[in-house]
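What you see below is based on every heavy atom in this structure, not just the backbone, and it leaves out hydrogens, waters and symmetry mates. Below, read A as the first sequence line, B as the second, and so on, with proteins coming before strands; counting in each chain starts at 1.
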There are 2 protein chains.
Amino acid sequence: MARYRVGLETRERILAATRRLLSEVGIEGVTLKAITNQARVGAGSFYNLFDSKDDAVFEVVREAIEAVDPDPAGVGSDSLADLVDAFVAFMTGSSPIARIYLQLAGRGLTDPAIAARVLRSHRRRVERFADAWQREEPQIPPEEAERRAELMLAALTGLGMTALMDPSFDMRRHAVELLPASATAAR
Amino acid sequence: MARYRVGLETRERILAATRRLLSEVGIEGVTLKAITNQARVGAGSFYNLFDSKDDAVFEVVREAIEAVDPDPAGVGSDSLADLVDAFVAFMTGSSPIARIYLQLAGRGLTDPAIAARVLRSHRRRVERFADAWQREEPQIPPEEAERRAELMLAALTGLGMTALMDPSFDMRRHAVELLPASATAAR
DNA sequence: TACATATTGGAGTGTACACTCAATTTCTGC
DNA sequence: GCAGAAATTGAGTGTACACTCCAATATGTA
């Protein structure tokens, strides 16, 4: 299972193809044939490196869930504006991963296993936003900070969906309105 | 083509089954066999009444897109609190349709035809919310009202996704925070 | 009641799909 | 450069699917 250099390279080609296809045709739309064509690889090679189609798909899916959150170094110190900025950048950036992530959320509505993963990463994110609120406005009680964080993320997710469906939508302009007046003034 | 009473009844049974299945297993998960089993109908009967599986599915999908909006009689007079309330009721109600609608939005990320439909209904909704803002706070400029409406709907959509994935999530508690202080006080 | 037409079930058809397999080539450590 | 293991190919396999067809039956009309 990928001990030689060529094997590892092929693995990467396959994952790159899968990533691309997931964002273009969706989780249910990817076929093995499409992946192997795009990666220029025979079916046998694919199965030499992955146990199943879903094996490759889930690898990309995990990657997408991780990628929503900006670099973990910032945890405990990033400002609200930073977090919002990073989220907007993620959604409007050129990477196919944002599209995959939002599709996943939709898929979570019928697949409990996916819902669990999405929710787990969502809660982590709410924590991080709530911490930033606390830091920015220390006088508000923790539950209030958490509620604001939940609302903020819900709005960002909703804006992200619109942005990815409508290329002319200016997500950033709307997103900055979510920041408290103090943070906006500081920009 | 359903000219006799029994045909119309069968049609309804098929649509009910499709509705149920769409919310449970998702658009890609519905199979003709599942629909015909659930509706207690042979494949031949199905095709006597619908041109294709997608024909039935799209009928339910259209219905789901319509159903997001509360009764059109209110247009031009409903308050923000009413609108938020109706949206929350739609999302947290027992109807399978909310789940179908949100799945659709996810699907819109890869299917331009669906994206167009979803966006169209989204814009109508933003209008309606913006009007309500105007009525509630006449001093704010129209663009500002529209921006607030857009944010509010984004947040409601995001909260709806969380609510449908996590049954223990209290959507209403979060949603009311979206209302301006004046509206909240009025409750 | 008799007729035309709608409705029904379900075996049968074609197709697209994920996955297997075995023969062949390529790789890498020694 | 040789041996053993990994990598590669693509034709072949089984299956699940949407959809067809038609003989049998039910429905509505006059």
If you measure from CZ on B:Arg147 to CE on B:Met152, what distance do you get to the nearest 0.5 Å?
15.5 Å

One should read off an interatomic distance between B:Leu49 CG and B:Arg11 CZ, to the nearest 0.5 angstrom, of 7.0 Å

To the nearest angstrom, how far is A:Arg11 atom CZ from D:dA6 atom P?
16 Å

Determine whether more than 12 heavy atoms belonging to other residues, nucleotides or ligands lie under 6.0 Å from atom CZ of A:Arg117.
no

Can you tell me which nucleotide in C:dG9, D:dT8, C:dA18 comes closest to the side chain of A:Leu49?
D:dT8

Please state whether the rings of B:Phe169 and B:His174 are parallel, tilted or perpendicular, taking 30° and 60° as the class boundaries.
parallel

Please report, rounded to the nearest Å, how far the P atom of D:dG10 is from the CG atom of A:Asn37.
11 Å

Provide, to the nearest angstrom, the distance between the CG atom belonging to A:Leu21 and the P atom belonging to C:dC17.
12 Å

Which listed nucleotide (D:dT8, C:dC19, D:dA18) is nearest to the side chain of A:Thr10?
D:dT8

Which parts of nucleotides 21-30 of chain C does protein reach within less than 4.0 Å, heavy atoms only, written one letter per nucleotide 5' to 3' as B for base, S for sugar-phosphate only and - for none?
B-----BS--

Electrostatic pair A:Asp166:B:Arg123 at N-O distance under 4.0 angstrom:
yes

Could you tell me the separation between the CD1 atom of B:Ile35 and the C1' atom of D:dC17, rounded to a whole number of Å?
12 Å

Five-pair end axes of the helix from C:dT1-D:dA30 to C:dC30-D:dG1, angle between them (10°)
30°

Between B:Glu28 and B:Arg107, does any NZ, NE, NH1 or NH2 come within less than 4.0 Å of an OD or OE carboxylate oxygen?
yes

Find the distance B:Glu12:CD to C:dT7:P and express it as a whole number of Å.
14 Å

Distance in angstrom units between A:Ile14 CD1 and C:dA18 P, rounded:
14 Å

Whole angstroms only, please: what is the CZ-C1' distance between B:Arg40 and C:dG10?
16 Å

Ion pair check, B:Arg62 and B:Glu66, cut-off under 4.0 Å
no

What is the distance from CD of B:Glu9 to P of D:dT27, rounded to the nearest Å?
10 Å

Whether A:Phe90 and A:Tyr101 hold their rings parallel, tilted or perpendicular, with breakpoints at 30° and 60°
perpendicular

Scan residues 23-34 of chain A against DNA chain D and write down, sorted by residue number, each residue with any heavy atom closer than 4.0 Å; if none is found, say none.
none

Considering all heavy atoms of both residues, which atom of A:Thr110 and which atom of B:Glu24 are nearest to each other, and what is their separation?
CB-O, 3.5 Å

Charged N-O contact under 4.0 Å between A:Arg128 and A:Asp69
no

Reckon B:Asn48 has a side-chain N or O less than 4.0 Å from the OP1 or OP2 of C:dT7?
yes

Hey, mind stepping through B:Glu63 and B:Arg19 against salt bridge (Lys or Arg N to Asp or Glu O under 4.0 Å) and telling me if it holds?
CA-CA 10 Å; B:Glu63 174 191 318; B:Arg19 212 173 288 131; 2.7 Å; yes

